[in-house]
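All of these numbers come straight from a predicted model, not from anything done at the bench. Naming convention: chains lettered A, B, ... in sequence-line order (proteins, then strands); numbering from 1 in each chain.
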Amino acid sequence: MIDLAGRALDVAPTLLGAELTSRLGGETVRVRLVEVEAYEGTDDPASHAYRGRTARNGVMFGPPGHLYVYRHLGLHHCANVVVGPPGTASAVLLRAAEVTAGLEVAWRRRLASGVCRAERDLARGPARLAVVLGLTREHDGMAVGGAAGDALVTLTPGTAAEEIELATGPRVGIGGSGPVAAAWPWRFWIAGDVHVSAGR
DNA sequence: CGTAAGATTTACT
DNA sequence: GTAAATCTTACGA
């Protein structure tokens with residue numbers, strides 16, 4: 001079981017290589033996470049929670065292990081997993097993944113609301129990943145389960161034998177949040193993996 | 001109540 | 001490479 005109670009900076013790297021399974025809509029899609037970003041809530045100028053609790057980000061102020069899904073530019077959804085002690089409003093943004101099961105479902109969902117050419121682009125980018133998993137704002141606050149149980153969304157560790165080469169760098173798309181926060185290397189990905197997003 | 005800006009993606013020049 | 005799409009949230013008056 002993955003421990004989500006720690007700080008976002010500590011939890012984020014442990015999510016790389018982990019498998020996220022969605023049974024939303026009665027169809028199963030499983031992905032292997034290859035890229036995430038840490039958001040340290042109220043202490044992080046780039047976080048949605050930086051200016052305190054609001055109607056949109058309320059979920060982040062609750063207990064860890066829940067989804068925070070928000071709409072961006074009216075067109076896209078991005079999904080986070082809430083982590084850390086309750087009240088810290090920490091979360092990990094899921095930025096990219098490799099689809100390992102439910103490929104057919106993933107393709108249908110991507111083609112229904114956009115264009116997708118290569119298989120490696122199926123879940124390459126936070127909004128694309130949300131589409132593949134079937135996540136929308138309706139699922140904001142939904143609980144994330146472990147391997148056991150009947151949760152609609154579950155998170156399980158990757159294979160122990162798997163060797164992951166970790167890479168870190170500045171987060172993407174938060175340039176307007178201030179030069180300091182933009183420079184913090186709070187983005188984590190699996191080095192060399194083709195499913196990692198290009199960034200900016 | 002009005003306005004500005006956003007943790008992005010896609011299409012076009 | 002640059003720009004447009006599109007709407008919700010947040011903040012100022």
Can you check the [X] [atom1] to [N] [atom2] distance for me, whole Å?
{"X": "A/Arg171", "N": "B/dT8", "atom1": "CZ", "atom2": "P", "result": "12 Å"}
{"X": "A/Arg117", "N": "B/dT9", "atom1": "CZ", "atom2": "P", "result": "13 Å"}
{"X": "A/Leu75", "N": "B/dA11", "atom1": "CG", "atom2": "P", "result": "12 Å"}
{"X": "A/His77", "N": "C/dT8", "atom1": "NE2", "atom2": "C1'", "result": "11 Å"}
{"X": "A/Arg137", "N": "B/dT8", "atom1": "CZ", "atom2": "C1'", "result": "17 Å"}
{"X": "A/His76", "N": "B/dA5", "atom1": "NE2", "atom2": "C1'", "result": "15 Å"}
{"X": "A/Leu94", "N": "B/dT8", "atom1": "CG", "atom2": "C1'", "result": "15 Å"}
{"X": "A/Leu73", "N": "B/dA11", "atom1": "CG", "atom2": "P", "result": "16 Å"}

Can you name the closest pair of heavy atoms from A/Gly141 and A/His66 and give their distance? O-ND1, 3.1 Å

Applying the Watson-Crick and G-U wobble criteria at under 3.5 Å, what pairs with B/dG6? Answer none if nothing qualifies. C/dC7

Checking contacts here: which listed nucleotide ([options]) is nearest the side-chain heavy atoms of [X]?
{"X": "A/Arg128", "options": "C/dT9, B/dA7, B/dT9", "value": "B/dT9"}
{"X": "A/Arg56", "options": "C/dA10, B/dT8, B/dA11", "value": "C/dA10"}
{"X": "A/Leu93", "options": "C/dT9, B/dA7, B/dG6", "value": "B/dA7"}
{"X": "A/Arg51", "options": "B/dT8, B/dA7, C/dC11", "value": "C/dC11"}
{"X": "A/Val115", "options": "B/dA11, B/dA7, B/dT9", "value": "B/dA11"}
{"X": "A/His72", "options": "C/dA5, B/dT9, B/dG6", "value": "B/dG6"}

Select base, sugar-phosphate, or nothing to describe what A/Arg110 touches, counting heavy atoms under 4.0 Å on all strands. sugar-phosphate

Taking only side-chain N and O atoms of A/Thr54, does any of them lie within less than 4.0 angstrom of OP1 or OP2 on C/dT9? no

If you compare every side-chain N and O of A/Arg71 against the phosphate oxygens of B/dA7 (OP1, OP2), does one of them come in below 4.0 Å? no

According to a cutoff of under 5.5 Å between the ring centres and under 30° between the ring planes, does A/Tyr39 stack with the base of B/dA7? yes

For A/Glu40 and A/Arg7, indicate whether the former's side chain and the latter's backbone hold a donor-acceptor pair under 3.5 Å. no

Spell out, as yes or no, whether a donor-acceptor pair under 3.5 Å connects the side chain of A/Asp3 to the backbone of A/Val11. no

Do A/Leu129 and A/Leu75 share a hydrophobic cluster (ILVMFWY, side-chain heavy atoms under 4.5 Å, transitive)? no

Counting neighbours of CZ on A/Arg137 that are heavy atoms of other residues, nucleotides or ligands and sit closer than 6.0 Å, is the number greater than 12? yes

